[in-house]
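What's counted below: heavy atoms across the whole structure, side chains too, no hydrogens, waters or symmetry copies. Per chain, numbering begins at 1; letters A, B, ... match sequence-line order.
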Amino acid sequence: MADIVSLREAVAAHVHDGDTLALEGFTHLIPHAVAHEIIRQQRRHLHLVRMTPDVAYDQLIGSGCVTRLTFSWGGNPGVGSLQRFRDAVENEWPHPLEIEEHSHAGMATRYAAGAAGLPFGILRGYIGTDLPNHTTTIKTVECPFTGEVLAAVPALNPDVGVIHAQRADRHGNVQIWGLLGVQKEAVLASARSIVTVEEIVDELPPVAGAIVLPAWVVSAVCLVPGGAHPSFAMGFSTRDNAFYKAWDPISKDRDAFTAWIDKHVIGTADFAEYRESVGF
Amino acid sequence: MADIVSLREAVAAHVHDGDTLALEGFTHLIPHAVAHEIIRQQRRHLHLVRMTPDVAYDQLIGSGCVTRLTFSWGGNPGVGSLQRFRDAVENEWPHPLEIEEHSHAGMATRYAAGAAGLPFGILRGYIGTDLPNHTTTIKTVECPFTGEVLAAVPALNPDVGVIHAQRADRHGNVQIWGLLGVQKEAVLASARSIVTVEEIVDELPPVAGAIVLPAWVVSAVCLVPGGAHPSFAMGFSTRDNAFYKAWDPISKDRDAFTAWIDKHVIGTADFAEYRESVGF
Amino acid sequence: MADYTTDELMIVNAARQLGELAASGHGQCFVGIGLPSTASNLARRLYPIAPVLIYESGCIGSKPTRLPLSIGDGELAETSDAVVSVPEIFAYWLQSGRIDIGFLSGAQLDKFANINSTVIGTYESPKTRLPGAGGAPEIAASAGAVMVIMRQSARSFVERCDFRTSIGYGDGKGDRERFGLRGGGPKWVITDLAIMEPDPDTCELVVVALHPGVTREQVIAATGWAVRFAGDLKTTAEPTDVELHTLRALQAA
Amino acid sequence: MADYTTDELMIVNAARQLGELAASGHGQCFVGIGLPSTASNLARRLYPIAPVLIYESGCIGSKPTRLPLSIGDGELAETSDAVVSVPEIFAYWLQSGRIDIGFLSGAQLDKFANINSTVIGTYESPKTRLPGAGGAPEIAASAGAVMVIMRQSARSFVERCDFRTSIGYGDGKGDRERFGLRGGGPKWVITDLAIMEPDPDTCELVVVALHPGVTREQVIAATGWAVRFAGDLKTTAEPTDVELHTLRALQAA
């Protein structure tokens with residue numbers, strides 16, 4: 001059953017050095033505040049999993065929290081490269097980053113298998129590409145009825161699934177709407193889960209397109225308004241496209257990056273202070 | 001792109017003798033009106049597929065339209081046996097009925113595989129039961145990563161998927177809410193599809209818990225208010241539990257059944273007349 | 001103390017067991033229609049920490065105000081915390097091992113708690129064709145524990161099921177492990193005469209408690225195998241007025 | 001006739017092709033972000049029978065009023081006929097073969113229309129680490145046909161990709177069939193200089209049309225393989241005022 005606690009408490013209780021973490025969000029509802037708290041609490045040797053690692057993961061990688069990344073698309077959406085990710089892969093800064101690379105369809109299949117308690121999932125994928133030559137977690141399986149050969153990928157079952165959502169009620173039932181990405185799968189596939197929300201209400205009002213994750217599949221719910229910034233929460237905020245563009249020059253330069261993290265993340269006590277310091 | 005036509009036209013155009021049909025609905029939104037029109041147009045040698053064959057399938061079987069049934073639970077929900085189904089299996093009346101029997105989880109997996117364009121699906125199922133001894137479409141597959149053995153079932157890809165929904169717009173986009181069952185999968189897995197709706201509107205208003213099937217995955221949309229009766233359409237009608245109870249004595253007796261079908265189905269021109277004749 | 005029927009005894013005792021499980025933090029219950037649904041809804045009304053009712057129709061956390069006739073009554077969807085598709089309820093919620101209790105009934109039960117809901121007689125030419133498996137096989141395989149509620153008779157409680165629709169302990173101890181099943185299997189069989197539990201050494205069902213006024217002879221006569229009784233055979237508590245009034249109000253609604 | 005840029009030529013010609021496909025009833029388009037999204041949204045505005053825009057973020061039938069910066073802009077969800085989960089969009093909508101056109105771009109394209117969006121240099125020690133595969137491999141595999149839109153240069157149009165992220169025709173004719181791919185593969189490569197299509201006999205990309213004012217020499221210089229030209233080499237029509245005004249209004253919004 002979900003505990004409603006501060007983000008500091010949730011990260012301290014559920015995120016440990018060496019854990020496999022999935023902070024999911026498909027452009028929408030990216031749990032940036034949790035990434036910042038993980039940097040503040042200086043977690044190390046994390047294995048990060050995500051379909052679309054973007055600025056939040058760039059910050060975790062550049063801050064030296066990450067030794068391994070499993071992903072399918074690592075970029076700054078609509079802007080270009082993920083500079084800290086590139087620097088880690090190309091120049092091993094701040095240290096080497098081991099990568100496990102898939103396609104979106106493969107990662108989605110892996111999360112779905114994880115949520116469903118299956119050891120693997122199947123898809124029509126990867127065939128004819130160079131990915132299987134470099135990624136050991138892509139194999140094949142033969143259809144016992146047609147003999148067709150399909151791609152097989154192992155289930156993803158992170159230690160901690162982390163998402164940002166619009167709302168929770170006081171029991172910890174979580175309501176999400178708009179682009180849903182793989183957030184439900186990430187929570188259900190993980191042993192533990194942290195959900196930051198824009199607001200906590202007495203009753204979840206019906207919302208078109210919304211799904212509800214019952215409190216008993218969530219470990220911790222934290223009230224963190226704006227916790228997705230520069231990503232957004234439909235109904236509460238819009239995507240801060242200017243921030244994504246501004247991130248490119250900051251992240252291109254190691255010193256500029258470090259100064260930014262020191263000032264806005266390490267130098268702030270929590271996400272509320274971060275909001276003041278970056279001014280949104 | 002969906003054509004908006006009469007149910008008579010839709011069945012004439014899309015349902016042929018010998019077709020494999022899935023009239024889906026999980027207690028909610030069962031497409032009874034389409035079953036009646038198939039009986040009126042005297043389709044024969046149909047292979048019916050459904051997780052929960054109930055009164056509609058009992059009527060199709062008793063009317064001699066069906067030679068094969070693939071299913072996982074055949075009963076009169078909350079009442080008891082499906083008498084025409086039993087008479088066909090136990091006494092080959094009106095003629096022998098070939099059955100292919102699965103579990104709900106297996107059937108759901110088969111529909112999902114069909115909708116996803118996969119030749120088969122996997123699940124943790126059937127193990128230790130007698131079903132695999134009698135159903136040839138249950139095999140096993142080994143996980144290429146863990147070596148675990150899982151059940152494998154072939155995709156379901158009916159010729160025609162048939163559902164009842166609350167609404168469509170004038171383009172043929174279909175809106176469904178409440179218990180969704182496997183209706184989306186049944187439509188997406190089928191080569192053609194017929195959707196009966198309670199109303200056709202200019203614009204689909206947002207509804208909490210609703211999904212939309214775009215017009216381009218639907219073959220025909222037919223306006224048939226109450227078309228699920230004695231099943232129901234959330235927001236439009238409630239389940240006619242009395243009818244399900246009344247069906248038991250009618251269906252127990254071959255003559256009573258035949259008389260009922262002759263009077264209320266064969267003897268009526270369409271679903272509107274059927275409604276008058278049974279008085280709901 | 002009010003009069004009560006043997007069905008009421010059965011339902012009340014099942015509800016009590018569910019209440020205990022919910023209180024111990026294992027209250028996620030995948031509910032079959034009929035007796036399991038009645039007992040689950042009774043438990044929801046009786047206990048402050050209530051079981052979470054999950055139906056195969058996709059309803060999670062249903063709080064129906066009246067007993068549903070079918071697992072798809074609108075009432076279930078309207079009162080649920082979440083409604084998901086049928087493929088999802090089986091894959092993400094049951095198969096994944098999130099369910100504490102699978103609550104089943106059936107037409108035949110054998111001494112190793114295997115359940116038959118498919119055919120009486122042979123599969124090829126059945127004496128009675130039953131509705132079939134539904135969700136039961138995977139509930140029996142994947143739920144953390146299984147509770148069975150069934151009216152007891154020598155015809156329904158048999159040495160070996162005519163058809164094994166849902167596995168209990170197969171042919172005895174070790175079979176579930178051999179099959180690699182993740183769920184714990186049947187822990188309680190609650191009938192209108194008694195409560196049975198699997199013998200820890202053999203997994204054969206033994207009678208651990210009789211309902212008030214029920215004799216060993218009645219149970220032996222109503223069991224199709226040479227049924228054994230626990231050394232410390234108990235008698236279940238009489239239904240309380242609250243239990244009976246709540247159940248009757250529920251069934252009258 | 002207004003002035004225009006080579007980018008505008010490229011985008012307008014892609015939009016025209018999409019318009020033709022939509023008019024012929026094959027308008028379900030799985031859209032990558034960037035140039036494909038710009039061209040698709042232009043086509044939606046230009047043609048009465050518009051393509052249906054499908055984004056990997058789960059948006060089906062999006063009608064954005066302004067160009068999204070990312071495939072997850074709120075605008076996309078708010079203006080869609082349906083929004084589904086990411087696992088669903090890939091399984092039920094792309095893999096199932098429901099998509100007519102996969103619309104892609106990339107960092108490198110080779111003469112058999114294979115695409116690289118993973119690394120420049122070797123995988124182990126890349127010269128440039130690119131974002132990676134995203135949805136492209138399965139779009140290239142499953143879409144009925146693929147359209148590629150890319151700025152052309154000798155560095156980006158290469159004999160063989162450093163890394164094969166998404167398959168076009170592999171090593172040539174017959175490879176797609178050998179791999180059992182269900183989609184038809186790349187049919188059109190639209191660049192800022194020309195339009196290429198696969199040779200029916202070899203599947204090698206050949207130039208079928210040059211944009212107005214572009215010479216064969218320019219194309220040869222901007223292609224990393226010994227590029228061939230179709231016998232009936234055409235010149236694409238000048239962008240119309242309507243096309244240019246619509247595109248500029250879209251990009252200004």
- Using non-hydrogen atoms only, which part of C/V52 is less than 4.5 Å away from chain A: side chain, backbone, both, or neither? side chain
- Any side-chain donor paired with an acceptor under 3.5 Å for C/S125 and C/T122? yes
- Task: Examine whether an atom of A/A112 lies under 4.5 Å from a heavy atom of chain C, and if so say whether it belongs to the side chain, the backbone or both; otherwise answer neither.
- Result: both
- What is the ring orientation for A/H104 with A/F26, classed by angle as parallel under 30°, tilted 30 to 60°, or perpendicular over 60°? perpendicular
- Task: Against chain C, work out which of A/L188, A/N173, A/V212 has the most heavy-atom pairs shorter than 4.5 Å and name it.
- Result: A/L188
- Between the side chains of C/E20 and C/Y47, does any donor sit under 3.5 Å from an acceptor? no
- What salt bridge (Lys or Arg N to Asp or Glu O under 4.0 Å) pairs are there with at least one residue in residues 161-172 of chain A, not counting sequence neighbours? A/R167-A/E199, A/R170-A/D202
